[in-house]
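Step one of this worksheet: look at the structure below.
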Amino acid sequence: SDNILSYLMLSSDIKGHVEDPAYYFSGDALVDTDLDLLMLTQGWKRFDLSAVIGADIPKYGFAHEVSQTLSGEISNFWGNGARNPDIMLFRPANGFMDRYSLGDNHKFTFHDLDFPDSTSFILQAISRGGNTSVITLKVKPESFPVWQSFIPKPYVGEMPSRIPENFLSQAKESYYYEGGIKVVNMEDVVVTGHREESKNNHIYNVQPTYTLSEERIAALSGTDVLTLIRMLPGVQVSGDGEIRVRGGNGPPMIYVDNMQIEPEDVIYMSGMDVAGIALVSGTETSMVGVGGANGVVLITLKDGRELSSSVATSPSLAHIAHLGYKKPEAFYKPKYETADERNNSKPDLRTTIHWEPNIVTDSTGRASVEFYTADKAGAYNIVVEGVGGNGDVVSGRYTIEHK
């Protein structure tokens, strides 16, 4: 089958299907002859030399990926590039928020991002004068190469099995053994009600002095955030956006989804994205420390599904969820740390024994890997492949006997 060596050196450059590509790197005596036949049949060609000599090099639509990125551009009311705009990036998952000045450039690209799949980002464009209503934000959508599939021709004759019978037998035995122990038939359960978790999971589980409900906020659709804050009892908002809580000597602490922001940054938020607003005053503020002496305002944003509908009405705001990397899953490995685990009568019938995704060698190129074998004797196939720091491709297949 294909491995990292045969893929990088052969099958990725061949337009047609290559049967058993790893065979051509096996060292067999007939490899050179068969490789000639393969190349003559496929008509392999990586570069058009005449085009290269004439400097007629095609432009590729996909740049070399160094890190995950978010990019786009900001235009003014007339559709031209905005002058000296700012952009605010907010990531609700971990509470990251920052504001960036683009200077003379109306286009932006956030580099060195690191996020898993289904991570949501909120981008807010801000004009030079601090306005968000006369400015438009366009985020560059994700694009991917066109996928190709190969459907092999039907095999004529009897298809030989490449899976050893002892492997199938052991896998089948393991399935029945695990099923007999782990399958539990539960009695019928009638659910008479369920608890709905509140979206307002406030910091330190403080009890708000007053909460502006979702229903009230929904009824005031289109109201800006400062007006919503002004509706909290004992809260005053001046004409220039300065917030004060009765009895305080300064601006209150502002939290958005449990992340503290500067009070002056509230004006850049859209009221259509707010799910709830709460005020904490009095003795409850001691839970957030000395900084809460002037009061605390807690703002909860809508989740991604609700945001997607509200963002469409605000051209300066964008809610995106690009395809990130898949979160790694742990490979099961028995530990046998106690005597009870080592003397357990349950047989170990694993067919895939070990997987090590990231082996780092020392300065001499050596590394050590340990694993527990299964209980049944037999031949273990070991496949090692990867890429070295100098670009060398490593691929090896070995067999050891477990007696």
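Using a 4.5 Å heavy-atom cutoff, the side chains of Met253 and Asn294 are not in contact. In this structure, Met231 and Arg216 have side chains that are in contact, with non-hydrogen atoms separated by less than 4.5 Å. Between Phe90 and Gln124 the shortest side-chain heavy-atom distance does not fall below 4.5 Å. In this structure, Ile243 and Leu226 have side chains that are in contact, with non-hydrogen atoms separated by less than 4.5 Å. Counting heavy atoms from C-beta on, the side chains of Phe25 and Leu10 come closer than 4.5 Å.
Listed for the Tyr24 side chain is no donor-acceptor partner under 3.5 Å among the backbone atoms of Val31. Using modelled atom types, no side-chain atom of Gln42 and backbone atom of Ile14 make a donor-acceptor pair closer than 3.5 Å. The backbone N or O of Thr109 sits nowhere less than 3.5 Å from a side-chain atom of Ser71 that would complete a donor-acceptor pair. Using a distance-only test at 3.5 Å, with no hydrogens or angles considered, no donor-acceptor pair links the side chain of Asp117 to the main chain of Leu323. The main-chain N or O of Tyr380 is never found under 3.5 Å from a side-chain atom of His402 such that the two would form a donor-acceptor pair.
Other residues, nucleotides and ligands place no more than 12 heavy atoms under 6.0 Å from the NZ atom of Lys140. Counting heavy-atom neighbours within 6.0 Å of Asn390 CG, excluding the residue itself, gives a total above 12. No more than 12 heavy atoms of other residues, nucleotides or ligands shown are found within 6.0 angstrom of CD on Gln236. With a 6.0 Å radius and a threshold of 12 heavy atoms from other residues, nucleotides or ligands, Arg342 has its CZ atom above the threshold. Tyr325 OH: more than 12 foreign heavy atoms inside a 6.0 Å radius. Within 6.0 Å of CD on Glu401 lie more than 12 heavy atoms contributed by other residues, nucleotides or ligands.
The two residues Ile359 and Ala367 come nearest to each other via the heavy atoms CG2-CB, 3.6 Å. Across all non-hydrogen atoms, the minimal contact from Ile4 to Val387 is CD1-CG2, 3.7 Å. Closest non-hydrogen pair, Pro334 versus Asp348, comes out as CG-OD2, 4.3 Å. The two residues Arg397 and Val383 come nearest to each other via the heavy atoms NH1-CG2, 3.4 Å. Here the closest non-hydrogen pair linking Thr69 and His322 is O-CD2, 4.2 Å. Closest non-hydrogen pair, Asp112 versus Ser67, comes out as N-OG, 2.9 Å.
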**Request:** For side chain to side chain contact (heavy atoms under 4.5 Å, CB included), just list the numbers for Tyr7 and Val393, CA-CA rounded to whole Å, side-chain angles, deciding distance to a tenth of an Å, and then say yes or no.
**Result:** CA-CA 10 Å; Tyr7 176 79; Val393 182; over 6 Å; no

**Item:** Stepwise ring-ring contact (aromatic ring centres under 6.0 Å, His included) test for Tyr100 and Phe110
**Value:** CA-CA 10 Å; Tyr100 305 90; Phe110 293 107; 5.1 Å; yes

**Asked** Stepwise, does the side chain to side chain contact (heavy atoms under 4.5 Å, CB included) test hold for Ser120 with His319?
**Response** CA-CA 7 Å; Ser120 297; His319 172 253; 3.4 Å; yes

**Message:** Between Leu38 and Val18, does the side chain to side chain contact (heavy atoms under 4.5 Å, CB included) criterion hold? Intermediate values first, please.
**Reply:** CA-CA 8 Å; Leu38 173 68; Val18 180; 4.1 Å; yes

**Message:** Checking Asn344 against Tyr336 for the side chain to side chain contact (heavy atoms under 4.5 Å, CB included) test, could you report, in this order, the C-alpha distance in whole Å, the side-chain angles of both residues, the deciding distance, and whether it holds?
**Reply:** CA-CA 9 Å; Asn344 192 346; Tyr336 301 120; over 6 Å; no

**Request:** Show your working on side-chain hydrogen bond (donor to acceptor under 3.5 Å, both in side chains) between Asp362 and Thr364 and close with a plain yes or no.
**Result:** CA-CA 5 Å; Asp362 59 19; Thr364 64; 2.7 Å; yes

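The distance from atom OG1 of Thr300 to atom CG of Leu212, rounded to the nearest 0.5 Å, is 11.0 Å. How far CZ of Arg91 is from CD1 of Ile122: 12.5 Å, rounded to the nearest 0.5 Å. Note that NZ of Lys333 is 13.0 Å distant from CD1 of Ile353, once rounded to the nearest 0.5 Å. For the atom pair CG of Leu232 and CD1 of Ile277, the computed distance is 6.0 Å after rounding to the nearest 0.5 Å. Atom CG of Leu279 sits about 10.0 Å away from atom OH of Tyr210, to the nearest 0.5 Å. Note that CD of Glu73 and OG1 of Thr136 are 10.5 Å apart. Values are rounded to the nearest 0.5 Å.
Annotation: salt bridge (Lys or Arg N to Asp or Glu O under 4.0 Å) contacts of Lys326 (sequence neighbours excluded): Glu329. Residues meeting the side-chain contact (heavy atoms from CB on, under 4.5 Å) test with Thr338, sequence neighbours left out: Asp340, Glu341.
Using the six-membered ring where Trp is involved, His354 and Phe371 have ring planes that are parallel, under 30° apart on the 30 and 60° scheme.
If you check the side chains of Asp36 and Thr33, you find no donor sitting under 3.5 Å from an acceptor. Between the side chains of Tyr23 and Asp34, a donor-acceptor pair is found at a separation under 3.5 Å. For the residue pair Thr209 and Ser281, a side-chain donor N or O sits within less than 3.5 Å of a side-chain acceptor on the partner.
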Show the atom names and distances, to 0.1 Å, of all donor-acceptor pairs under 3.5 Å that link a side chain in residues 78-89 to residues at least two apart or in another chain.
residue	atom	partner	partner atom	Å
Asp86	OD1	Ser101	OG	3.4
Asp86	OD2	Arg99	NE	3.0
Asp86	OD2	Arg99	NH2	3.0

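Across Ser26, Ser395, Pro21, a single residue satisfies side-chain contact (heavy atoms from CB on, under 4.5 Å) together with Ser6, and that is Pro21. Screening Leu123, Ile135, Asn105, Ile126 for a side-chain contact (heavy atoms from CB on, under 4.5 Å) involving Ile74 leaves a single residue, Ile135.
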